[in-house]
Number of protein chains: 2
Amino acid sequence: MDRTVTWQAIRAEALRRIRAGTWPPGARIPDEAELATELGCARATVNRALRDLAEAGLLERKRKGGTRVPVTPVRKATFDIAIIRQNVEERGQRHGYRLIDDAPRPPPPEVCATLDWPAGPPMRHVIALHLADDRPFCLEDRWLNPAVAPPVQAEFTSVSANEWLVRNVPYSDGTIGFTARPADTQAARWLDCAEGDALLAIERTTRTEAAPITFVRLTYAPGHRVDATL
Amino acid sequence: MDRTVTWQAIRAEALRRIRAGTWPPGARIPDEAELATELGCARATVNRALRDLAEAGLLERKRKGGTRVPVTPVRKATFDIAIIRQNVEERGQRHGYRLIDDAPRPPPPEVCATLDWPAGPPMRHVIALHLADDRPFCLEDRWLNPAVAPPVQAEFTSVSANEWLVRNVPYSDGTIGFTARPADTQAARWLDCAEGDALLAIERTTRTEAAPITFVRLTYAPGHRVDATL
DNA sequence: CTCGATAATAAGTATAGACATAATTATCCA
DNA sequence: TGGATAATTATGTCTATACTTATTATCGAG
């Protein structure tokens with residue numbers, strides 16, 4: 001006997017009308033006050049529902065302009081960014097970790113450019129392998145600002161830099177992008193594939209307001225797929 | 001002279017406290033009523049702010065359990081799914097389009113499986129090339145349910161299937177995923193690269209409640225990068 | 001001491017009313 | 001006619017209040 005109309009119900013009804021063509025692409029839909037009356041709820045409830053649809057790219061809203069169904073909608077897809085160990089464990093596999101290299105080096109020009117790092121001074125360059133059920137899962141190639149790096153004792157031998165950062169310098173801003181790369185000698189060796197094999201890579205930069213933190217490229221084993229949801 | 005406290009201000013303050021460690025990972029933060037009093041606004045305003053942070057993965061909220069800062073946060077990244085022409089034009093380039101093949105064929109087993117399509121009957125198989133400033137941009141390899149395909153005259157010669165679908169069967173559900181693939185003969189030929197080159201591919205399935213609509217693999221030219229935002 | 005019913009709690013949400021703000025439209029003057 | 005200005009309007013947001021719901025904590029019975 002629930003009598004109140006929820007915003008989810010309003011959203012579902014609006015989505016139904018969009019899909020059914022009751023509100024065709026390009027059309028302006030009734031304003032919030034009208035819909036509130038028609039559907040028997042408060043305007044705030046309609047607002048919540050339509051705002052949610054707008055965030056997903058299914059409606060366009062403008063003050064005074066009203067709400068309309070976009071002609072060529074730009075949908076939003078989202079995917080989760082967890083620590084790698086979690087990714088592996090979610091697949092029901094056992095996570096393994098192996099540090100390959102950890103040394104100070106001046107980063108290559110591309111890394112300097114994306115991180116706003118001067119050409120001269122070294123960063124901490126960490127390379128590590130993540131395993132899923134003892135099979136190579138992903139190669140972590142990271143450039144780390146030594147100023148935010150952990151104290152000496154934390155050597156990334158047992159805890160990955162990935163995890164250390166999430167636990168110690170979390171909630172920072174940054175960018176993220178997908179590319180495909182041919183396996184270089186190192187990737188081929190550790191990911192157990194042939195040189196030149198097509199590998200999915202995720203590149204992330206992370207920074208605080210003041211200083212860059214890290215650039216990391218996660219190169220996944222052949223066949224890996226990253227799923228997103230609409 | 002704005003006197004009212006906005007939910008964005010509350011969110012910014014909460015984010016500041018998270019980053020500053022005032023609210024350390026794992027800790028439970030004051031409840032909405034308390035924060036409302038402290039920050040001088042209504043509880044609904046606090047709710048809006050904290051809900052927004054929770055949606056981004058920066059807070060975890062449970063009824064009765066309260067709100068806490070996650071120890072290993074799962075951040076959400078989003079990226080836009082527009083029609084390909086829009087993608088190209090956003091880069092300041094001219095979009096070109098060329099239909100390569102369009103014929104009915106029984107889809108391969110993988111496609112049948114992901115789309116819930118029986119093994120026997122054919123689907124419409126459309127292959128097309130998208131160009132950016134006359135250079136190959138992305139190869140569209142699509143399997144289309146003939147029942148939702150356009151009438152005969154729309155032959156995908158001038159309007160891409162991508163665009164036709166967005167305009168005619170929009171707002172449908174589906175899945176989306178990223179992979180890396182070696183260029184096959186066809187991809188190498190049309191994307192102007194060598195066979196075996198590493199190419200980024202986006203695979204999408206689209207369906208209505210009742211029936212599958214389409215499976216498409218968009219294989220991008222070498223070096224392509226898809227950016228997301230945190 | 002465990003099981004299960006019950007109470008307490010914090011988030012989730014609905015509502016009516018008010019005001020703010022950005023766009024658009026109408027108006028008026030030069 | 002052009003352009004600045006004012007009125008209008010739909011969304012955006014805040015508030016106070018009330019009720020709902022999931023979850024935890026508590027307490028009593030067996």
Side-chain angles (χ1 to χ4, degrees), chain A residues 1-15 17-18 22-71 73-74 76, chain B residues 1-15 17-18 22-71 73-74 76:
Chain A
M1 274 278 185
D2 63 67
R3 298 195 57 267
T4 59
V5 179
T6 67
W7 68 269
Q8 289 97 333
I10 304 292
R11 182 183 57 183
E13 173 58 18
L15 186 53
R17 292 187 186 184
I18 293 171
T22 314
W23 295 339
R28 177 165 162 184
I29 76 171
D31 65 47
E32 293 183 348
E34 266 181 79
L35 284 172
T37 308
E38 185 206 328
L39 301 169
C41 65
R43 184 169 81 88
T45 309
V46 175
N47 180 278
R48 180 93 151 85
L50 298 188
R51 179 160 38 83
D52 195 70
L53 287 172
E55 269 166 20
L58 271 72
L59 285 176
E60 275 170 1
R61 322 195 73 201
K62 261 196 308 200
R63 278 177 179 167
K64 160 84 182 180
T67 302
R68 48 184 66 240
V69 184
V71 179
V74 178
K76 263 75 177 169
Chain B
M1 272 288 176
D2 62 69
R3 298 194 56 266
T4 59
V5 178
T6 67
W7 68 269
Q8 289 97 333
I10 304 294
R11 182 184 56 183
E13 173 59 18
L15 186 54
R17 292 188 185 182
I18 293 171
T22 314
W23 295 339
R28 177 164 162 184
I29 75 172
D31 65 49
E32 294 183 348
E34 265 180 81
L35 284 172
T37 308
E38 185 203 330
L39 301 169
C41 63
R43 185 169 80 89
T45 308
V46 175
N47 180 277
R48 179 90 151 88
L50 298 189
R51 179 160 39 84
D52 196 71
L53 286 172
E55 270 166 21
L58 271 70
L59 286 176
E60 274 171 359
R61 321 195 75 200
K62 262 198 305 203
R63 280 179 179 165
K64 160 82 180 179
T67 302
R68 47 184 67 241
V69 183
V71 178
V74 178
K76 263 75 178 168

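Within every chain, numbering begins at 1; the chains are lettered A, B, ... in the order of the sequence lines, protein sequences first and strands thereafter.
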What residues, two or more places apart in sequence or in another chain, satisfy side-chain contact (heavy atoms from CB on, under 4.5 Å) together with A:T6? A:Q8, A:A9
Shortest non-hydrogen contact between B:I10 and B:C41, atoms and distance: CD1-SG, 3.8 Å
Apply salt bridge (charged side-chain N to carboxylate O under 4.0 Å, His left out) to A:E32 and list each qualifying residue two or more places apart in sequence or on a separate chain. A:R43, A:R61
Can you name the residues that form a side-chain contact (heavy atoms from CB on, under 4.5 Å) with B:P24, not counting sequence neighbours? B:A27
How would you list, by chain and number, every residue that makes a side-chain contact (heavy atoms from CB on, under 4.5 Å) with B:T22, sequence neighbours excluded? B:R17, B:A20
Can you tell me how far P of C:dA10 sits from CD1 of B:I29, to the nearest Å? 12 Å
B:R28 CZ to C:dT9 P: how many Å, rounded? 11 Å
Using every non-hydrogen atom in the two residues, find where A:P25 and A:P70 come nearest and quote the distance to one decimal. CB-O, 4.0 Å
If you compare every side-chain N and O of B:N47 against the phosphate oxygens of C:dT13 (OP1, OP2), does one of them come in below 4.0 Å? no
Distance, rounded to the nearest Å, where B:E32 contributes CD and C:dG12 contributes C1': 8 Å
Under the side-chain contact (heavy atoms from CB on, under 4.5 Å) test, residues paired with B:V74 that sit two or more places apart: A:D80, A:A82, A:Q86, B:K76
Mind listing the residues from residues 54-66 of chain B sitting with a heavy atom below 4.0 Å of DNA chain C? Number order is fine. B:R61, B:K62, B:R63, B:K64, B:G66
Respond yes when some side-chain nitrogen or oxygen of A:T67 is under 4.0 Å from OP1 or OP2 of D:dA10, and no when none is. no
Value in whole Å for how far the P atom of D:dG12 lies from CG of B:D52: 14 Å
Please state how far atom CZ in A:R51 lies from atom C1' in D:dA10, giving the value in whole angstrom units. 15 Å
Give the table of side-chain donor-acceptor pairs shorter than 3.5 Å for residues 48-56 of chain B, with sequence neighbours excluded, one pair per line with atom names and distance.
unit_1	atom_1	unit_2	atom_2	d
B:R51	NE	B:N47	OD1	3.4
B:D52	OD2	B:R11	NH1	2.5

Please list, for nucleotides 14-17 of chain C, all pairs of protein and nucleotide N/O atoms separated by less than 3.5 Å.
unit_1	atom_1	unit_2	atom_2	d
C:dA14	OP1	A:V5	O	3.4
C:dA14	OP1	A:W7	N	2.7
C:dT15	OP2	A:A42	N	2.7
C:dT15	OP2	A:T45	OG1	2.7

